[in-house]
Amino acid sequence: MLLHAGILARCKSVLLPRRPAAREYLRYIACTVRNQERHCFVAPEESATKHLAALLAQDLRAGDCYCLHGDVGAGKSVFSRGFIRSAAEDDELPVPSPTYLLQQIYDDHLGPPIHHFDLYRLDHASGLGRLDLPNSFRHAVTLLEWADKLPEVPLTRLEIHISLLDNQRQANMIPKDGAEGVSQVNTSNEEFAYEDRHWRLICLQPIGTSWAARAGSIAQQILMQQGSHGLTIAD
């Protein structure tokens, strides 16, 4: 079954079988699942980003793929570090950025291993072939920083978009009577020698029905504990 070229142009690449008809059909499915509800949160400090990561790390499933998007310094590595440490139940676990190695593997915890990728310096000519991403996608929980550098991603996944809020948008989000449990300044210096005062907007975009249900459950938990660790639902 062939689809109109205009429809295909709006679809992201996914891991597809080789048969042309099946490829076109799954591209269509990939288009339709992108309409799942998007959940956005405000993280005014680093601990809020880590709290969101910890909530997601409570449910580790082989084959899960987290695609992390954001500019340099947006907080992708902070999220990954919080996710891995929460899964390992070890707040002091060293979690170096795999910027040069491209991949780090963590398996000293209950559940499937976690494969952490940082593809910022990925050289498609020499780097992609040695990563064995299909194996990670099948048997591990995969954290993909700079996922947009890949030509193909799994059909079902959770896309996480992290962006900095400018000072004006931050000011607009502070209630006039103050916000209980929300810090206006990030003073964490765990990984850096300077103070990062920027708030983050973190949006979860589930791709696939199973991820839609799981992302919705996370949003409900955050709604019930509104303000915990400073994490709040974005209006």
Side-chain angles (χ1 to χ4, degrees), residues 39-62 64-122 131 133 136-137 140-150 157-165 183 185-205 214-215 218 221-222 225 228-232:
H39 304 278
C40 293
F41 313 97
V42 176
E45 54 191 11
E46 190 172 288
S47 64
T49 300
K50 292 178 178 179
H51 179 58
L52 176 58
L55 290 176
L56 288 163
Q58 292 175 354
D59 185 9
L60 300 178
R61 306 184 191 182
D64 279 354
C65 181
Y66 296 83
C67 295
L68 295 158
H69 305 274
D71 294 335
V72 173
K76 299 181 298 298
S77 294
V78 169
F79 178 94
S80 297
R81 189 180 306 118
F83 186 101
I84 293 165
R85 286 177 174 172
S86 179
E89 298 182 341
D90 183 354
D91 291 338
E92 304 299 324
L93 179 71
V95 182
S97 175
T99 302
Y100 293 98
L101 296 177
L102 298 182
Q103 178 186 21
Q104 296 279 4
I105 296 177
Y106 302 87
D107 54 13
D108 191 17
H109 57 264
L110 295 177
I114 299 172
H115 292 188
H116 180 203
F117 296 89
D118 185 332
L119 306 179
Y120 181 71
R121 298 183 182 274
L122 177 66
L131 292 180
L133 283 166
S136 297
F137 292 153
V141 174
T142 307
L143 299 176
L144 287 174
E145 297 186 35
W146 299 98
D148 55 304
K149 288 183 173 288
L150 289 179
R157 62 197 181 275
L158 183 64
E159 295 192 351
I160 302 174
H161 298 264
I162 308 176
S163 58
L164 301 181
L165 295 177
S183 171
V185 175
N186 181 353
T187 58
S188 171
N189 60 356
E190 177 185 356
E191 302 294 335
F192 306 99
Y194 62 88
E195 293 182 358
D196 183 348
R197 297 172 180 266
H198 287 287
W199 292 13
R200 267 71 176 174
L201 180 68
I202 307 176
C203 293
L204 307 183
Q205 176 66 65
R214 293 167 67 184
I218 292 295
Q221 290 184 58
I222 294 172
Q225 50 186 238
S228 177
H229 298 269
L231 188 66
T232 58

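Quick caveat, the model's predicted, so the values are computed rather than measured.
Once rounded to the nearest 0.5 Å, the distance linking CZ of Phe41 with CD1 of Ile202 reads 8.5 Å. Note that the NE2 atom of His161 and the CG atom of Leu68 stand 9.5 Å from one another [nearest 0.5 Å]. Distance CD1/Ile114 to CD/Gln104: 12.5 Å, rounded to 0.5 Å. Distance OG/Ser136 to CD1/Ile105: 6.5 Å, rounded to 0.5 Å.
Taking the side chain as every heavy atom from C-beta outward, Ile160 and Leu52 never approach each other to under 4.5 Å. Residues Tyr106 and Val141 are not in side-chain contact: their nearest non-hydrogen atoms beyond the backbone lie 4.5 Å or more apart. Between Leu204 and Glu159, the closest side-chain pair of non-hydrogen atoms is not below 4.5 Å. Annotation: side chain of Leu119 is not in contact with side chain of Asp148 (no heavy-atom distance under 4.5 Å). You'll find the side chain of Phe83 stays beyond 4.5 Å of the side chain of His116, heavy atoms only. Using a 4.5 Å heavy-atom threshold, the side chains of Leu60 and His109 count as touching. Val95 has its side chain out of reach of Ser80: every pair of non-hydrogen atoms, C-beta onward, lies at least 4.5 Å apart. Side chains of Leu158 and Asp64 form no contact here, defined as non-hydrogen atoms less than 4.5 Å apart.
Checked by atom type and distance alone, the side chain of Arg214 pairs as donor or acceptor with a backbone atom of Asp59 at under 3.5 Å. With hydrogens and angles ignored, the 3.5 Å screen pairs no side-chain donor or acceptor of Lys76 with any backbone N or O of Leu144. Side-chain atoms of Arg121 never come within 3.5 Å of backbone atoms of Leu102 as a donor-acceptor pair (strictly under, hydrogens ignored).
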Begin with the C-alpha distance, continue with both residues' side-chain angles, and end with the deciding distance and a verdict on side-chain contact (heavy atoms from CB on, under 4.5 Å) for Phe79 and Glu145. CA-CA 10 Å; Phe79 178 94; Glu145 297 186 35; over 6 Å; no
Could you give me the CA-CA distance, side-chain angles and deciding distance for Leu143 and Ile84, then say whether side-chain contact (heavy atoms from CB on, under 4.5 Å) is met? CA-CA 9 Å; Leu143 299 176; Ile84 293 165; 3.9 Å; yes
Could you walk me through whether Ile162 and His69 satisfy the side-chain contact (heavy atoms from CB on, under 4.5 Å) test, starting with their C-alpha distance in whole Å, then the side-chain angles of each, then the deciding distance to 0.1 Å, before giving a yes or no? CA-CA 6 Å; Ile162 308 176; His69 305 274; over 6 Å; no
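For the pair Gln225 and Leu55, the tightest heavy-atom approach, listed with the atom from each and the gap, is OE1-CD1, 4.3 Å. Listed here is the closest heavy atom pair of Ala53 and Gly82: CB-C, 3.9 Å. Nearest heavy atoms, Phe137 versus Cys65: CE2-SG, 4.0 Å. The two residues Leu201 and Cys40 make their nearest non-hydrogen contact at CD1-CB, 4.2 Å. For the residue pair Thr49 and Ala43, the shortest heavy atom distance occurs at OG1-CB, 3.6 Å.
The aromatic rings of His229 and His51 lie parallel to each other, their planes meeting at an angle below 30°, with 60° marking the opposite boundary. Aromatic ring orientation, Phe117 versus His115: perpendicular (interplanar angle above 60°, classes split at 30° and 60°).
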